[in-house]
Structure formats: structure tokens, C-alpha cells
Amino acid sequence: MPAPPGPRALPAALTAVLDLLRCPRCGEQLAPADGSLRCPARHTFDVARAGYASLLTGNAATSGDDDEMARARDRFLDSGAYAPIRDLITELVVGHAGARSAEGAPPAVLDVGCGTGYYLAGVLERLSSARGLGLDTSTRALRFAARAHERAAAASWDVFAPFPLRDAGVEVLLDVFAPRNPTEFARVLMPGGVLVVVRPAPDHLAELREVVPGMVSLDPHKEERLHRVLDPLFSTERTEELRYPVDLSTASARDLVRMTPSARHVDAEQLEAAVPSDLTVTVSVVASSHRVLPER
């Protein structure tokens with residue numbers, strides 16, 4: 001009779017960030033336990049076979065990408081249309097990274113609202129010694145994020161809740177087209193760490209919004225609101241605007257709509273009919289780097 005299978009090992013990328021993770025229920029450090037994560041109080045959290053840790057607890061609401069949105073996001077980002085955005089993010093990060101924690105661990109990159117892990121993977125590709133962790137509410141997107149890079153771990157979490165991470169353990173924090181929790185950002189960033197925030201400019205995808213009924217409009221006061229929440233905790237070091245045209249096929253244009261919040265507001269049949277065979281759209285974003293203020 002064959003021997004029963006042994007305990008399932010954790011993905012190497014997840015093992016590499018265990019020193020950062022804390023139990024969402026009691027705050028104690030998490031450790032491997034038969035293919036799961038467990039704290040000293042025996043609170044246990046599953047690690048999916050897809051490789052991500054399920055840290056959302058109880059009746060915590062989940063949202064984010066559904067399966068179709070996650071697949072559309074993966075296809076669209078794989079096309080390279082947003083590669084200049086990823087390049088700008090890595091440019092803002094590189095030069096800030098390289099420090100070590102008090103325990104001598106490699107630098108950690110946290111991507112909040114990581115989606116499929118596309119931007120986290122780009123940063124890790126440039127920072128050869130870094131380890132990464134992506135947080136997102138969408139388990140469908142986390143299936144992609146957990147394999148986006150060999151040094152990228154992934155876990156389910158709600159950006160608006162206190163992060164299941166220790167204080168001052170992260171050197172680089174990415175927030176790309178994602179909600180923000182400035183208080184938690186400041187808590188988990190180590191002294192000298194950098195926060196990179198990317199958000200759409202007012203004319204982002206303007207041509208697509210003109211032809212697709214129901215797409216969500218952009219807040220004209222987004223920059224004001226961003227600085228209102230960040231300025232009490234962070235200083236802004238650098239701000240860059242990126243604007244370029246992208247030629248989209250019909251399929252790519254549909255994927256682009258499906259991967260945005262507009263996917264929940266656009267009728268599927270209208271989307272099929274509205275997108276022309278070829279469309280040039282403007283990609284227009286603002287990216288900025290920030291440091292935690294020493295006195296807060």
C-alpha cells in the first residue's frame with residue numbers, strides 16, 4: 001500500500017515573507033502548518049493550491065475582479081500596452097531599494113490591490129534581491145498573482161482593514177490604480193521606505209469612454225483628494241506624468257473595459273457592439289513617490 005502523502009509544502013515565495021505576516025485575528029506571527037499558516041493561538045489560514053494565502057477572516061466582504069475580469073486583465077497586461085507604466089514604476093522604485101531590515105532580511109515589496117501581480121513582477125525583475133507580496137480581495141486575480149514571479153507571494157486581504165503585517169517591515173509599497181489606506185501604508189513602511197502611487201489622469205482612455213456607454217467617469221478632483229489623505233503622513237518626492245497612444249484591436253479594447261471598474265456598469269452586448277475594429281486610445285496616468293514623514 002502506498003504511503004499517504006506528506007504535508008503540502010508552502011510556495012517558496014510565501015515562505016520568504018513569513019517574517020512579515022501576522023495573524024489577522026490576534027496579531028501573532030504566522031508559521032507553516034501542514035500546508036497552511038497558523039499562529040501560536042492556533043488560528044489557521046488555508047493556502048490555496050494556486051499558491052496564495054487566504055487571510056480574509058469570518059464574514060469579511062470580498063470584491064475585486066471576478067473570473068472574467070481577472071482573465072481579461074491578464075490578457076490585456078500580457079499584450080504590453082501598459083508596459084510603459086510598469087517601466088515608470090520601476091524607475092521610481094529603483095534607487096530607493098537596497099536596505100535591509102534589522103534582521104538582515106532582503107528588502108520587501110508590497111503591492112496593495114495587486115490584481116494579477118503584473119506591476120509587482122516588474123519591480124521584482126529589476127530588484128534581484130527583493131521579495132514581494134501582493135494583497136488583493138479577488139481570489140480569481142490572486143491565482144495569477146501567485147505565479148506572476150518566482151519571488152512574488154500573494155494573499156487575500158481588504159485594503160481598508162488593518163494589514164496582517166508587522167510594523168515597519170516593508171521597504172517599497174505599490175498602489176497602482178487601487179484604493180488607498182494611508183495610515184496602514186505609513187505603519188508597515190520602514191523608515192526610508194518609498195510609497196509609489198499611480199492613478200489615472202483626467203484624459204485616461206478618453207477615446208474609449210466616448211464610444212462605450214456606461215463607462216465610469218473619472219473624478220476631476222482625484223489629485224486634491226489624494227494629497228488630502230497622504231500629506232499628513234507622507235512627503236511627496238517626485239511626480240511624473242505619462243501620456244502615450246495605444247492602438248487596440250477590438251479584443252484588446254474589450255479586455256481593457258472588462259478589467260476596469262466599468263466592467264460592472266457596461267452592458268455586455270453594448271460593449272460588443274460599441275468597440276470599433278481598430279481604436280487608438282490615450283493612456284494618461286500620474287505616478288508619484290512618497291516618503292513617510294519622520295514625525296507623525
Side-chain angles (χ1 to χ4, degrees), residues 6-64 99-114 117 120 124 129-139 141-143 145-146 150-175 178-193 195 233 292 296:
R8 183 162 54 93
L10 295 183
L14 186 58
T15 301
V17 298
L18 285 180
D19 63 302
L20 303 176
L21 294 177
R22 294 295 180 267
C23 175
R25 293 183 175 174
C26 66
E28 294 294 323
Q29 185 165 351
L30 293 170
D34 298 333
S36 300
L37 297 176
R38 184 178 297 159
C39 74
R42 303 192 67 78
H43 298 134
T44 303
F45 305 90
D46 291 338
V47 175
R49 292 199 175 274
Y52 63 86
S54 298
L55 299 183
L56 282 170
T57 59
N59 295 320
T62 59
S63 58
R100 294 290 190 274
S101 69
E103 295 80 13
V109 181
L110 174 66
D111 188 352
V112 176
C114 67
L120 177 60
L124 292 176
S129 64
R131 59 223 168 105
L133 172 64
L135 301 179
D136 204 284
T137 56
S138 168
T139 57
L142 288 171
R143 295 177 308 172
E150 62 182 5
R151 285 180 277 116
S156 60
W157 196 248
D158 179 0
V159 64
F160 297 112
F163 297 169
L165 301 170
R166 69 178 177 89
D167 295 351
V170 172
E171 188 189 18
V172 176
L173 199 157
L174 307 180
D175 183 275
R180 289 171 285 277
N181 188 335
T183 302
E184 283 298 283
F185 288 177
R187 180 183 68 82
V188 302
L189 272 169
M190 66 173 58
L195 164 67
L233 298 170
V292 180
R296 60 180 194 275

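FYI, side chains are in, hydrogens and waters are out, and symmetry mates aren't considered; it's all heavy atoms of this structure.
For the pair R131 and D19, the minimum side-chain heavy-atom distance is below 4.5 Å. In this structure the side chain of S156 reaches within 4.5 angstrom of the side chain of L142, judged on heavy atoms. Side-chain contact between F45 and P164 is absent, with no heavy atoms from C-beta onward closer than 4.5 Å. Annotation: side chain of Q29 is in contact with side chain of R22 (closest heavy-atom distance under 4.5 Å). When side chains are defined from C-beta on, V188 does not count as touching L20, because their heavy atoms never get closer than 4.5 Å. Side-chain contact between V159 and L135: absent, with no pair of heavy atoms (C-beta onward) separated by less than 4.5 Å. Using a 4.5 Å cut-off on side-chain heavy atoms (C-beta onward), V112 and N181 make no contact. Contact of the L165 side chain with the L133 side chain is registered, since non-hydrogen atoms from C-beta on lie closer than 4.5 Å.
Atom CG of L173 and atom CG of L189 lie 5.0 Å apart (nearest 0.5 Å). Rounding to the nearest 0.5 Å places CZ of R166 at 14.0 Å from CD of E28. With rounding to the nearest 0.5 Å, the separation of CH2 in W157 from CG in L56 is 6.0 Å. Taken to the nearest 0.5 Å, the CG atom of D158 stands 12.0 Å off from the CG atom of L55.
Considering all non-hydrogen atoms of both residues, P106 and S129 come closest at CB-O, 3.1 Å. Contact record, C26 with C39: SG-SG, 3.6 Å, taken as the closest heavy-atom pair. E171 and M190 make their closest contact through CA-CG, 4.0 Å (heavy atoms, listed as atom of the first residue, atom of the second, distance). Listed here is the closest heavy atom pair of Y52 and A155: CB-N, 4.4 Å. Here the shortest heavy-atom pairing between L14 and A53 reads CD2-CB, 4.2 Å. Annotation for A146 and G51: closest pair CB-C, 3.9 Å, computed over non-hydrogen atoms.
Proximity of a side-chain donor or acceptor of R151 to a complementary backbone N or O of L124 within less than 3.5 Å is detected. Within the 3.5 Å criterion, the main-chain N or O of F163 finds a donor-acceptor partner in the side chain of E184. Side-chain atoms of S36 do not come within 3.5 Å of backbone N or O of P32 as any donor-acceptor pair.
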Derivation and outcome, side-chain contact (heavy atoms from CB on, under 4.5 Å), residues D175 and F185: CA-CA 10 Å; D175 183 275; F185 288 177; 3.5 Å; yes
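The side chain to side chain contact (heavy atoms under 4.5 Å, CB included) with L37 is formed by just one residue from the set D46, V47, T44; it is V47.
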